[in-house]
Amino acid sequence: MPARGLRTGHRLTELGLGAAQFGNLFTETTDDESCRAVRAAAEEGIRYLDTAPHYGLGLSERRLGDALRATARQGVVISSKVGRLLVGSPATAHRLDGDGFVVPAAKRRVWDFSREGIFRSVEESLARLGVDRLDIAYLHDPDDHWGAASSSGIAALAELRDQGVVGAIGAGMNQVAMLAEFVRRTDVDVVMVAGRFTLLDQSALDDLLPLAGARGVGVVAAAVYNSGLLSSTAVDGSASYDYGAAPRSVVERAARIAAVCERHGVELPAAVQYPLRHPAVTSVVTGMRTEEHVRGNAARYRAVIPEALWEELHLTGLVPDPARTR
């Protein structure tokens with residue numbers, strides 16, 4: 001699978017595996033399913049894998065590490081995230097986690113972008129993953145913590161980068177404005193933007209992507225199916241959009257985009273290729289729980305999409321084509 005490089009020298013395959021579902025996101029999975037998904041990813045040439053302590057209170061990192069030891073670690077780029085420390089919470093261990101992961105709430109998340117918090121977070125992630133360094137470390141969802149994240153947080157990551165404990169540093173968020181500020185004001189190597197560079201939302205095109213391109217900062221596009229609405233060939237109005245109910249206008253627009261895709265012999269989920277049309281985008285990461293998910297996403301990534309489809313979407317005003325608007 002082709003890969004695109006960061007300025008740090010790391011090369012990310014154009015399709016990456018997002019391991020949030022390894023942490024029992026919304027429903028339970030198993031160690032074996034996670035292992036088979038990672039093995040399938042290796043067979044498909046997917047060599048970029050993303051996780052976070054937040055995902056299943058550490059379960060995703062642990063499962064990913066176990067799966068890599070059972071397959072092959074060499075040549076794989078691993079990213080994880082910092083900003084939420086996991087603290088023991090025996091008083092809530094009898095309950096399920098309240099953040100969408102089907103795991104016991106034996107730990108709780110504590111926001112911490114201090115130097116000590118970042119160092120501790122990375123150390124604990126390394127232990128769960130069973131590795132001695134992280135290829136990429138992102139500040140995770142610092143929306144309400146700009147002051148600490150942009151000062152002590154990014155400085156701590158830069159210190160770890162200088163030590164060789166972390167390879168590349170950045171931030172991952174569901175918004176573009178603050179990510180653009182990180183690119184503009186701090187020494188980040190890469191940012192992960194979720195849900196803001198898709199067939200239905202191109203807000204990353206306005207400021208973030210041009211700025212990242214000009215400054216040599218890589219962009220990883222995540223949540224390209226907008227949490228469900230773009231994941232099926234036929235648009236399902238009941239599917240979620242940005243983790244909530246989809247507005248009627250958005251459903252109708254998705255249906256029009258799907259109709260254009262059908263006229264050109266392309267299935268809507270091949271939208272996974274759309275962000276890669278911008279040169280600042282290094283990789284597209286999609287959530288994958290099982291071997292079947294991996295095979296399906298790899299097939300969508302490899303689907304042949306005629307230029308006429310992008311041209312029609314662009315000329316009709318449905319979806320701007322980055323290859324034509326730059």
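Numbering of residues begins at 1 and proceeds along the displayed sequence.
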Worksheet item: Any Lys/Arg nitrogen of R161 or D189 sitting under 4.0 Å from an Asp/Glu carboxylate oxygen of the other?
Response: yes
Taken to the nearest 0.5 Å, the spacing of T282 OG1 from M192 CE works out to 10.5 Å
- Query: Does D66 come within less than 4.0 Å of R69, counting only side-chain N to carboxylate O?
  - Reply: yes
Scanning both residues in full, the closest heavy-atom pair of D207 with A180 reads OD2-CB, 3.9 Å
- Taking the side chain as C-beta and beyond, is there a heavy-atom pair between V272 and Y225 under 4.5 Å? yes
Student check: side-chain heavy atoms of D99 and H54 closer than 4.5 Å: yes
Using a 4.5 Å side-chain heavy-atom cut-off and chaining through intermediate ILVMFWY residues, the residues clustered with L57 come out as L25, F26, Y55, L59, L86, F101, V103
Exercise. Ion pair present between D141 and R84, side-chain N to carboxylate O less than 4.0 angstrom?
Worked result: yes
Looking at E116 and R120, does any basic side-chain N land under 4.0 Å from a carboxylate oxygen?
no
- Within a strict 4.5 Å, meaning less than it, do heavy atoms of the E312 and H264 side chains meet? yes
Residue pair F22, V38: steps toward the side-chain contact (heavy atoms from CB on, under 4.5 Å) verdict: CA-CA 10 Å; F22 288 12; V38 170; 3.7 Å; yes
dist T198:OG1 -> N226:CG (nearest 0.5 Å) comes out at 3.5 Å
Can we say R39 and D32 salt-bridge, meaning some charged N sits less than 4.0 Å from an Asp/Glu carboxylate O? no
Task: Cation-aromatic face contact R115/F119, 6.0 Å, 45 degrees - done: yes
Does a side-chain N-to-carboxylate-O contact under 4.0 Å join K107 and D97?
no
Taking every heavy atom of R289 against every heavy atom of A37, the minimum-distance pair comes out as O-CB, 3.8 Å
So CG of L160 and OG of S121: to nearest 0.5 Å the spacing works out to 10.0 Å
| message | Do Q175 and D143 make a side-chain contact, defined as non-hydrogen atoms from C-beta onward lying under 4.5 Å apart? | response | yes
Of all heavy-atom pairs linking L209 and A280, the shortest is O-CB, 3.9 Å
ask   = Are the charged groups of E44 and R295 less than 4.0 angstrom apart, N to O?
value = yes
Salt bridge check, R324 against E307: does any charged N sit closer than 4.0 Å to a carboxylate O? yes
Tell me, yes or no, whether the heavy-atom count around E43 atom CD, taken from other residues, nucleotides or ligands under 6.0 Å, exceeds 12. yes
From the list V220, D135, I78, V76, side chain to side chain contact (heavy atoms under 4.5 Å, CB included) partner of Y48 resolves to V220
- Given side-chain hydrogen bond (donor to acceptor under 3.5 Å, both in side chains), test Y243 with N174 step by step and report yes or no. CA-CA 11 Å; Y243 307 100; N174 293 294; 5.5 Å; no
Taken to the nearest 0.5 Å, the spacing of L208 CG from H278 NE2 works out to 9.0 Å
Closest non-hydrogen atoms of C35 and A67, given as atom of the first, atom of the second and distance, are CA-CB, 3.7 Å
### Task
Please say whether more than 12 non-hydrogen atoms of neighbouring residues, nucleotides or ligands are located less than 6.0 Å from CD in E159.
yes
Review point. Does some side-chain heavy atom of V165 sit less than 4.5 Å from a side-chain heavy atom of D132?
Key: no
Between S283 and E14: side-chain donor-acceptor atoms closer than 3.5 Å: no
CG of L268 to CG of L199, rounded to nearest 0.5 Å, is 6.5 Å
dist R253:CZ -> L318:CG (nearest 0.5 Å) comes out at 6.5 Å
Quiz item: Under 3.5 Å, is there a donor-acceptor pair linking the side chains of S80 and T51?
Solution: no
**Q.** L230 and I257: CA distance, side-chain angles, deciding distance, side-chain contact (heavy atoms from CB on, under 4.5 Å) verdict
**A.** CA-CA 10 Å; L230 294 172; I257 294 170; 5.6 Å; no
- Given side-chain contact (heavy atoms from CB on, under 4.5 Å), test R256 with V319 step by step and report yes or no. CA-CA 11 Å; R256 292 197 297 273; V319 184; over 6 Å; no
**Q.** Side chains of P53 and E124 in contact at under 4.5 Å (non-hydrogen atoms)
**A.** no
- Do L15 and T286 touch side chain to side chain, with heavy atoms closer than 4.5 Å? yes
Are a donor atom and an acceptor atom from the side chains of T29 and N24 found within less than 3.5 Å of each other?
no
All heavy atoms of D31 vs all of R62, minimum pair found to be OD2-NH1, 3.1 Å
Contacts satisfying side-chain hydrogen bond (donor to acceptor under 3.5 Å, both in side chains) that involve residues 144-156 (not counting sequence neighbours) are none
_Check this for me, if you would: do E181 and R184 make a salt bridge, where the nitrogen-to-carboxylate-oxygen distance has to be below 4.0 angstrom?_
yes
Between R4 and L276, the two heavy atoms sitting closest are NH2-O, 3.0 Å
### Side-chain heavy atoms of M173 within contact of P142, under 4.5 Å
yes
Ring pair (Phe, Tyr, Trp, His ring centres under 6.0 Å) pairs touching residues 280-320, sequence neighbours excluded, are Y274-W310
